[in-house]
J.: 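Got a structure here, written out as structure tokens. Questions coming.
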Amino acid sequence: MRYLVSVIFDRPGLATPDEMAAIAGFNERLQEEGHWVFAGGLGGPDTATVIDNRGGGALVTDGPFVETKEFLAGFWIIEAADLDVALKLAAEGSRACNRKVEVRPFL
Amino acid sequence: MSGADVREAITQAHRGEWARVVAALTRRFGDLDIAEEAAAEAFAVAVERWPADGVPPNPGAWLTTTANRKAIDRIRRESKRDDKQREARTVYHDDPPEPPGAIEDERLRLIFTCCHPALAPETRVALTLRMVGGLTVSEIARAFLVQETTMGQRITRAKAKIKTARIPYRVPSAEDLPDRVSGVLAVLFLVFNEGYLATGPGTDPIRHDLSAEAIRLTRLIRALLPADGEVAGLLALMLLTDARRPARVSATGELVTLEEQDRGAWDTALIAEGHRLVRERLAAGVAPGRYQILAAINAVHTSARDVRDTDWSQVVALYDQLVRLDPSPIVALNRAVAVAEIDGPEVALAAVDRLADQLVGYHAYHATRAHLLRRLGLGGQARAAYDKAIELAGNTAEIAYLTRRRDQLGDRSRSMPIEGS
């Protein structure tokens, strides 16, 4: 069972060196225990570009698809037996990156 | 067997067996939705057949077998309709053998799943009443004053989340158990309180069906987790509170406060049972949690034959203990009420006034102030506080009581020189 753990944040800027170290430690643990699938940090919403090609000609728009105060700053994709396991890992991830996270199952 | 006897047997079976049937089917088919529907169908068949065929010797086994058949029918129907083999087991659970001493009752898995922290609190309440309590969606909707379709959607969404996000169907590990049990108890306490002091105009001030259901489910948890002190504490608290119900609302539909209640009308059997549980916890010699302390406070009140015999210093000592565990302003407010009986209303009022910032939107804060101000002879201020309390209160019997108190004040306070402060 795979879960997306989204990192939610409301300010631009990178993780601090302490946060980076904690994230690296957490990632290592995920790999050792077989939970790791993928993870990454994202550029801020002002680096986003929206493409809509539903009508044929691809329409390109600068900026995120929806303007919100909080945005997706990064994510983990983890392998976990059930939601209890995923929530425990997400709690550790939240502490490591010092940000709020959201957990959603892949279908 | 008469028709009435059969109806009684069906009611008994519903109370005693519903959760067991749903739990057994959830375990077997791995799907709450299938389990719920098949259990409901099995009971419908019982209503149809038992009056003619007689009540089976083992109603629980009959219901489980019938429900199993209904569930298999549905799975066959759906796999035919979808034209592909449907994966039957969709709710996840671990299957390793239970460690020795682990709690095995299937109903516990059901309760912990329904009260999972990933579900919203109001959803936990609804799901628990449906899956464990066996209340219908329309009964639950009525109890919480929402549309039946809204309640139906809430329960359907919860079942879908349990399945899709894979909320496990199991008793939490020993490490997580205390936290998760307290989550379950919070759900049951919420149901009880809504029954005991129902909110909303046009509602009965006391919804006995809800408080009785909460007590029944807490008894079930107590049977499943007999060593848990907080479970015993919550059950005792509910029993000692419910024991006072006959004296709690007057013939005219007005709330009667603890001081003014006819103590002869209290239910002595419930009080005896509640006291036994409190003594059992005292004898256990383990530091009590919140519910045990609240139960002990209620034990002090229900031990006094007359309000004047109340051991207020014991009540304050218990509140002191509770404040250390739960330093919430509501606990501080209740402590102040007891303090008034020992140190007088002035000391109590000073303590209550310190809570203004946190409790300004809470009707009991204003009602307590009004009461203390009245005792201090500050009629004008008391009236303003009653007005505020009435405006914020949701329970019809409580509004009637506060209104009478305010209006009694009216006559005297007009003649008082301190009016207008």
Side-chain angles (χ1 to χ4, degrees), chain A residues 1-10 22 25-40 42 65-66 68-107, chain B residues 26-27 30-33 82 84 86-99 102-103 108-121 123-124 127 156-184:
Chain A
M1 183 82 187
R2 282 184 177 180
Y3 294 89
L4 172 68
V5 180
S6 306
V7 178
I8 303 153
F9 202 51
D10 58 4
F26 175 61
N27 286 345
E28 231 165 82
R29 222 207 91 188
L30 287 178
Q31 283 162 0
E32 279 164 16
E33 296 178 4
H35 295 298
W36 172 270
V37 179
F38 190 75
L42 297 174
F65 72 98
V66 56
T68 52
K69 192 171 167 296
E70 294 182 313
F71 56 84
L72 182 68
F75 63 89
W76 280 276
I77 296 171
I78 57 168
E79 184 71 47
D82 58 47
L83 189 66
D84 281 356
V85 177
L87 293 180
K88 279 214 166 124
L89 292 170
E92 284 174 43
S94 166
R95 176 176 282 266
C97 70
N98 194 26
R99 282 154 176 75
K100 203 158 75 173
V101 303
E102 179 199 88
V103 179
R104 277 167 74 173
F106 279 82
L107 290 177
Chain B
T26 306
R27 172 77 157 166
D31 190 311
L32 271 177
D33 199 36
D82 300 347
K84 62 176 182 195
R86 185 188 143 88
E87 195 194 345
R89 192 167 282 242
T90 39
V91 170
Y92 174 78
H93 56 77
D94 293 320
D95 257 333
E98 301 277 344
I103 315 122
L108 262 190
R109 292 173 189 263
L110 192 61
I111 291 165
F112 281 112
T113 301
C114 292
C115 296
H116 196 278
L119 301 170
T123 304
R124 292 177 218 166
L127 206 58
T156 303
R157 264 202 308 270
K159 287 187 291 192
K161 180 170 181 181
I162 288 170
K163 188 191 277 193
T164 309
R166 210 187 268 209
I167 289 179
Y169 186 60
R170 67 161 169 249
V171 174
S173 62
E175 170 200 0
D176 296 337
L177 198 60
D179 254 12
R180 294 288 304 278
V181 169
S182 78
V184 170

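All chains are named by letter (A, B, ...) in the order of the sequence lines, taking the proteins before the strands, and each is independently numbered beginning at 1. Computed from a prediction, not measured in an experiment: that's the story for all the values here.
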J.: List the atom of A:Leu83, the atom of B:Pro168, and the distance in Å for their closest heavy-atom pair.
T.: N-CD, 4.3 Å

J.: Could you grab the distance from atom CZ of A:Arg2 to atom CZ of B:Arg166, nearest 0.5 Å is fine?
T.: 12.5 Å

J.: Under the side-chain contact (heavy atoms from CB on, under 4.5 Å) test, which residues partner A:Phe71, sequence neighbours left out?
T.: A:Pro45, A:Ala73

J.: Measure the CZ-CG distance between B:Arg170 and A:Asp82 for me, rounded to the nearest 0.5 Å.
T.: 4.0 Å

J.: Take atom CZ in A:Phe38; do more than 12 heavy atoms of anything else shown fall under 6.0 Å from it?
T.: no

J.: Can you confirm whether more than 12 heavy atoms, excluding those of A:Arg95, are under 6.0 Å from its CZ atom?
T.: no

J.: For chain A, find which of B:Ala165, B:Ala118, B:Pro172 contributes the most heavy-atom pairs closer than 4.5 angstrom.
T.: B:Ala165

